[in-house]
Amino acid sequence: MQFGVFSVSDITRDPVSGETPSEAERIDAIVQIAEKAEEVGLDVFAIGEHHNPPFFSSAPTTLLAHIAARTKRLIVSTATTLITTNDPVRIAEEYAMLQHLAKGRMDLMLGRGNTAPVYPWFGADIRQSLPMALENYNLLHRLWREDVVDWEGKFRTPLQGFTSTPRPLDDLPPFVWHGSIRTPEIAEQAAFYGDGFFANNIFWPKEHYMRLIKFYRQRYAHYGHGTEKQAIVGLGGQAYIAKRSQDAIKEFRPYFNEAPVYGHGPKMEDFMEMTPLSVGSPQEVIDKTLTFREHFGDYQRQMFLMDHAGLPLKTVLNQLDLLGEEVVPVLRKEIEARQDPETAKPPTHAVRLKEKYGDQPARQPRPNANRGDNVTGGSPYQDSR
Amino acid sequence: MTTQKQLVLVSAGTSDPSSTRLLADRVSQRVATLGLQKELTVEIKTIELRELASEIANALVSNHIGPKLQQAITALQHADGIVASTPVYKAGASGLFTSFFQILDNDLLIAKPVVLAATAGTARHALVVDDQMRGLFAYLRTVVVPTSLFAATEDWTDPGLNKRIDRAALELVALMASGFEKTVRDESWGRYQHEFGSAGGTELSIDLDSDLMRLAAGGQA
């Protein structure tokens, strides 16, 4: 089981101090948060993708490559990469490059994006967002698995004899999570390809996510990738931790009350009751998180949202200390003791390398000398016929 | 042998008791009495929107459905007939009333028979029900009975109001007894637009044979 933190990349006014960090301050802070995540023993750091203020993360692979270079064990990922407004060819190239630089310590999560005005900035239309996401991923999936791709679809210009470079590290495509909270087609696509499925598990009661995860598991088994229990599931969640429960509640309330999306709405206590939010002592966060596997089945990755709503860097780093030192070690032990033995291992590069190649060496594509086109003849790589 | 029917009364009145609630109560009582004549045992459930006011506001701004709101949604989902009653403010139905119905899933109330009622301080608001409220309930694909109820201050002493209440109640009972909702839902549910988890969390069917599902499984749309 992997544990990590994911960030929306929001730059939000701190409602307690009244200060809004500059973009420069927040970008420096996010690197420190990622480094801290590794330092306290977490496995994954993921960043969102947005193309409008008040968010900074428009170029996730640049940030993640930098973080990968500054860390040793941490897996870098996204939450999410926009599979709609990004050209799938650019996703294939950028994330394969990231995979090389991070030495396989990366994966990515795909999402559609629900901000209508963003779509036309990239020549797209939100009304086509679902078919666009599905088609774009069908192409992305091929670009990482076929050296030369001929392709034609509705949402981008056709490709003739296109090779996405660099080829994935060890010719092993990056692992993909499909993030969705309400769309059966996305769960179906994740299941069809045997990819992971991620439910953000933040805003809604658990029943909402349980339905879609159940459907994904059934379809994963239907397509022959394994049993329902072996399907690869990731969950979000959010927590605010303090040694004493009442301190957690007192400290977090002003941030909750003004948080984007749900602030100025439900009472924090009601929100805690009805959604996966935990605000409390380490033990309370542990207890609540342990209920997730009872509702959703055993899963591979638990992500926490910890740096949003204007929480200052110092507080976030302190939260990560508590999460890494007092919460996650207990969760690892407790979940290991309870987990169904059939549960799949988390999808790391090493695990997947072994699955693909066994004890054989991985393929290392070496290009032929440039001959100016890929359209005629075979693969541009020396090892292919 | 009588048949059990659920009548759900939704009132956006604010005082206790309010004339808005009183109007809805009188319709509901008439529905129960007339129902017995048609071998329907009508059980009445009441939703007072004033008790849900903060949860309705939360749901509008954050999609977060609170526990009392969820109970109200479940009651409406099982309703065989609905009496919906609101005060008129500034020449329109109360914002509390419209907000509540705007939160509901589009398919929650399909084919359910409804009596619409409104109260106001002046007869000048008399067309609010027919001109404004019917549109909302048409959007929700409900069947609103032909007689709309409206009571301004002077109507409470006018026997004409009771006649209209009788008419509306009978129209509702006739629709409830006919099994219209059941026929539409049993035979035509799939022809309406639904989302996964809509109809108050009960709509869980997934069409695996759609163009999008074929595209999801690597095919062409």
Side-chain angles (χ1 to χ4, degrees), chain A residues 128-139 141-142 151-155 178 180-193 195 202-205 207-212 214-216 218-219 222-223 256 259-271 273-275 277, chain B residues 49 51-74 77-78 95-96 99-100 102-108 189-190 192-221:
Chain A
Q128 293 297 314
S129 136
L130 182 54
M132 196 185 339
L134 297 170
E135 181 184 291
N136 282 354
Y137 183 65
N138 287 339
L139 172 57
H141 192 268
R142 286 186 59 195
W151 182 88
E152 196 173 337
K154 279 188 186 153
F155 296 105
H178 298 255
S180 175
I181 52 178
R182 64 178 130 215
T183 314
E185 287 84 358
I186 296 295
E188 173 77 1
Q189 191 171 42
F192 174 75
Y193 287 113
D195 295 337
I202 298 256
F203 300 122
W204 282 334
E207 288 74 16
H208 194 95
Y209 305 105
M210 283 162 69
R211 298 178 203 126
L212 213 49
K214 186 169 165 225
F215 174 70
Y216 159 73
Q218 286 168 350
R219 299 301 288 170
H222 169 83
Y223 284 114
F256 177 90
V261 186
Y262 54 71
H264 306 282
K267 267 187 71 183
M268 189 166 81
E269 281 76 4
D270 292 344
F271 203 78
E273 175 81 27
M274 296 201 55
T275 77
L277 171 67
Chain B
L49 295 182
E51 293 168 11
L52 307 179
S54 62
E55 290 191 10
I56 288 169
N58 286 341
L60 270 181
V61 298
S62 71
N63 278 327
H64 180 84
I65 307 286
K68 285 185 284 185
L69 192 49
Q70 187 57 53
Q71 278 177 15
I73 289 170
T74 306
Q77 185 190 323
H78 294 111
L96 183 62
S99 296
F100 174 71
Q102 284 169 354
I103 288 160
L104 304 181
D105 287 333
N106 286 350
D107 53 359
L108 186 75
W189 181 252
Y192 295 86
Q193 263 193 0
H194 306 286
E195 279 178 41
F196 188 58
S198 64
T202 58
E203 173 53 36
L204 300 177
S205 62
I206 293 173
D207 178 12
L208 292 169
D209 198 30
S210 67
D211 286 348
L212 284 171
M213 276 299 187
R214 277 188 285 279
L215 186 59
Q220 302 285 323

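As the structure is a computational prediction, the values presented were derived from the model and not from experiment. Chain A is the first sequence line, chain B the second, and so forth, proteins listed ahead of strands; every chain is numbered from 1.
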Of the backbone (N, CA, C, O) and the side chain (C-beta and beyond), which part of B:A217 lies under 4.5 Å from a heavy atom of chain A, both, or neither? both
Counting only heavy atoms closer than 4.5 Å, note whether A:L212 contacts chain B via side chain, backbone, both or neither. both
With only heavy atoms counted, which part of B:L60 is less than 4.5 Å from chain A, the side chain, the backbone, both or neither? neither
side-chain contact (heavy atoms from CB on, under 4.5 Å) between A:T275 and B:H64, worked out: CA-CA 9 Å; A:T275 77; B:H64 180 84; 3.8 Å; yes
Using a cut-off of under 4.5 Å for heavy-atom pairs, which of A:E207, A:R182, A:E135 has the most such pairs with chain B? A:E135
Reported CG-to-NE2 distance for the pair B:L208 and A:H222, which is rounded to 0.5 angstrom: 7.5 Å
Nearest heavy-atom approach of A:N138 to B:A216 is OD1-O, 4.3 Å
Does B:I206 form a side-chain contact (heavy atoms from CB on, under 4.5 Å) with A:E188? I'd like the steps, not just the answer. CA-CA 10 Å; B:I206 293 173; A:E188 173 77 1; over 6 Å; no
Which bit of A:R142 is near chain B, if near means a heavy-atom gap under 4.5 Å: side chain, backbone, both or neither? neither
Give the intermediate values and the outcome of side-chain contact (heavy atoms from CB on, under 4.5 Å) for residues A:E185 and B:L215. CA-CA 9 Å; A:E185 287 84 358; B:L215 186 59; over 6 Å; no
Within the 4.5 Å heavy-atom criterion, are A:P184 and B:M213 side-chain neighbours or not? yes
So what's closer than 4.5 Å to chain B heavy atoms on A:Y223: side chain, backbone, both or neither? side chain
Which distance, rounded to the nearest 0.5 Å, do you find between the CG of A:D270 and the CD1 of B:I65? 13.0 Å
Near A:E269 CD, under 6.0 Å, is it more than 12 heavy atoms from other residues, nucleotides or ligands? yes
Please rank A:F192, A:F215, A:F271 by heavy-atom pairs under 4.5 Å with chain B and give me the top one. A:F192
Which of the residues B:G218, B:G197, B:S62 is involved in the greatest number of heavy-atom pairs with chain A at under 4.5 angstrom? B:G218
Taking CD in B:E195 as the centre, count heavy atoms belonging to other residues, nucleotides or ligands within less than 6.0 Å. Is the count above 12? no
Given side-chain contact (heavy atoms from CB on, under 4.5 Å), test B:V61 with A:H264 step by step and report yes or no. CA-CA 8 Å; B:V61 298; A:H264 306 282; 5.9 Å; no
Is the CD atom of A:E152 crowded by more than 12 outside heavy atoms at less than 6.0 Å? no
